Amino acid sequence: MSAKTIIATLTRANQTLACAESLTGGMLLAALTAIPGASAVLRGGVVAYQTQMKHILAGVAQDVLAEFGPVSEQTASELALGVQRVCDSDWGVATTGVAGPTRQDGHDVGEVWIAITSPKGWVQGVAVKRFNFTGDRFEIRAQTVAAALDMFAETAGIK
């Protein structure tokens, strides 16, 4: 899904979006802010690259980070919920994973978790998916951005 279509759809729906990024380091926000008119719907975001920043910037619970680690379904979910809350947005999107070049905390290069939170009362819960991407560091990060845009569109019902 293109960032342009997502921005246009959210603008028509008068809904907002925020992003919490780890391994993508701002690439998702960059893709969205490249679209003219993005400021109408993109509230902001955080780049929580180091583990402790996930807690400090997005409010991921310390016990979640201690028990499940930074690369997990639980952390992705809390990142999305946290950025949605911090930015007071309708939607939250989060990316976390291992871009390489080496494994991290027992997780293979290419393991990525993406989470999407929806407007309260719209859909219950958080959509979270695990991906296993291949390629070099840049390719894994680019695949993560593309998957996050696709997953957001699917969750939001954007065609």
Side-chain angles (χ1 to χ4, degrees), residues 1-7 10 16-35 38 41-118 125-156 158:
M1 176 61 56
S2 75
K4 182 177 180 179
T5 301
I6 289 169
I7 295 297
L10 289 175
T16 58
L17 173 66
C19 303
E21 300 183 66
S22 183
L23 81 151
T24 48
M27 288 175 67
L28 178 57
L29 285 164
L32 292 165
T33 60
I35 307 306
V41 298
L42 188 60
R43 299 277 298 164
V46 298
V47 175
Y49 200 66
Q50 292 184 337
T51 301
Q52 188 61 17
M53 292 297 104
K54 291 168 179 55
H55 170 69
I56 293 169
L57 298 175
V60 176
Q62 289 281 28
D63 60 332
V64 167
L65 292 168
E67 183 175 350
F68 301 103
V71 180
S72 67
E73 176 180 4
Q74 295 82 359
T75 296
S77 179
E78 287 214 9
L79 277 170
L81 288 164
V83 78
Q84 182 184 35
R85 182 183 63 255
V86 167
C87 292
D88 191 27
S89 63
D90 295 307
W91 296 89
V93 178
T95 64
T96 190
V98 184
T102 59
R103 291 171 49 98
Q104 177 186 342
D105 300 324
H107 298 275
D108 290 330
V109 173
E111 180 182 335
V112 171
W113 291 90
I114 299 173
I116 313 289
T117 59
S118 59
V126 180
V128 185
K129 285 187 186 176
R130 177 185 171 155
F131 297 85
N132 293 298
F133 297 125
T134 60
D136 65 22
R137 184 174 175 78
F138 177 80
E139 291 168 329
I140 289 168
R141 293 169 74 222
Q143 289 171 70
T144 301
V145 170
L149 293 172
D150 288 346
M151 187 174 162
F152 177 80
E154 178 185 325
T155 303
I158 299 172

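Because the structure is a prediction, the values reported are computed rather than measured.
- Remark: Glu139 engages no residue in a salt bridge (Lys or Arg N to Asp or Glu O under 4.0 Å) (not counting sequence neighbours).
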From CA spacing to verdict: side chain to side chain contact (heavy atoms under 4.5 Å, CB included), Leu17, Leu10
CA-CA 8 Å; Leu17 173 66; Leu10 289 175; 3.9 Å; yes
Sequence neighbours excluded and cut-off under 3.5 Å, please list the side-chain donor-acceptor pairs for residues 53-63, or say none.
from	atom 1	to	atom 2	distance (Å)
Lys54	NZ	Ser22	OG	2.8
Lys54	NZ	Ala48	O	2.8
Lys54	NZ	Tyr49	O	3.2
His55	ND1	Val60	O	2.8

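- Within the 3.5 Å criterion, the main-chain N or O of Gly100 finds a donor-acceptor partner in the side chain of Arg137.
- Annotation: the span from Thr95 atom OG1 to Leu79 atom CG amounts to 8.0 Å, rounded to 0.5 Å.
- For Gln50, the CD atom is loosely surrounded, since the number of other residues' heavy atoms within 6.0 Å does not exceed 12.
- Of the possible donor and acceptor atoms, one in the side chain of Glu21 sits under 3.5 Å from a partner among the backbone N and O of Leu28.
- Although no hydrogens or angles enter the test, the distance criterion places a donor-acceptor pair under 3.5 Å between the side chain of Thr155 and the main chain of Met151.
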Side-chain atoms of residues 105-113: list all donor-acceptor pairs with protein atoms under 3.5 Å, sequence neighbours left out, distances to 0.1 Å.
from	atom 1	to	atom 2	distance (Å)
His107	ND1	Glu111	OE1	2.9
His107	ND1	Glu111	OE2	3.1
His107	NE2	Val71	O	3.3
Asp108	OD1	Arg103	NH1	2.1
Glu111	OE1	Arg130	NH2	3.4
Glu111	OE2	Trp113	NE1	2.9

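- Interatomic distance, CD1 of Ile140 versus OG1 of Thr134, reported as 7.0 Å (0.5 Å rounding).
- Residues that satisfy the side-chain contact (heavy atoms from CB on, under 4.5 Å) test with Ala38, not counting sequence neighbours, are Ile7.
- Partners of Lys4 according to the salt bridge (Lys or Arg N to Asp or Glu O under 4.0 Å) rule, which considers only residues two or more places apart in sequence or in another chain, do not exist here.
- Proximity of Thr24 to Leu29: side-chain heavy atoms (C-beta onward) are nowhere separated by under 4.5 Å.
- Shown here for Ala76 and Ala115, the closest heavy-atom pair between the two residues is O-CB, 3.3 Å.
- Every residue two or more places apart in sequence or in another chain was checked for a side chain to side chain donor-acceptor pair (under 3.5 Å) with Ser89, and none qualifies.
- Atoms OG1 and CG, from Thr96 and Leu23 in turn, are 6.5 Å apart once rounded to the nearest 0.5 Å.
- Atoms CH2 and SG, on Trp91 and Cys19 in that order, are 12.5 Å from each other to the nearest 0.5 Å.
- Looking at heavy atoms from C-beta onward, Phe138 lies out of side-chain contact with Gln143 at the 4.5 angstrom threshold.
- Annotation: the span from Met27 atom CE to Leu32 atom CG amounts to 12.0 Å, rounded to 0.5 Å.
- With sequence neighbours excluded, the residues satisfying side chain to side chain donor-acceptor pair (under 3.5 Å) with Thr16 are Asp90.
- Among residues two or more places apart in sequence or in another chain, the side chain to side chain donor-acceptor pair (under 3.5 Å) test is passed with Thr33 by none.
- Across all their heavy atoms, Cys87 and Gly44 have their closest contact at SG-C, 3.9 Å.
- Pairs of residues two or more places apart, or lying in two chains, that qualify as side-chain hydrogen bond (donor to acceptor under 3.5 Å, both in side chains) and include a residue from residues 65-78 are Ser72-Thr75.
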Test Ile158 against Ile6 for side chain to side chain contact (heavy atoms under 4.5 Å, CB included), laying out the working first.
CA-CA 7 Å; Ile158 299 172; Ile6 289 169; 4.3 Å; yes
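- Partners of Ala147 according to the side-chain contact (heavy atoms from CB on, under 4.5 Å) rule, which considers only residues two or more places apart in sequence or in another chain, are Ile114, Phe131, Phe133.
- The shortest non-hydrogen separation linking Gly26 to Val47 is N-CG2, 3.7 Å.
- Taking each heavy atom of Arg141 and Ala99 in turn, the nearest pair found is CG-CB, 3.8 Å.
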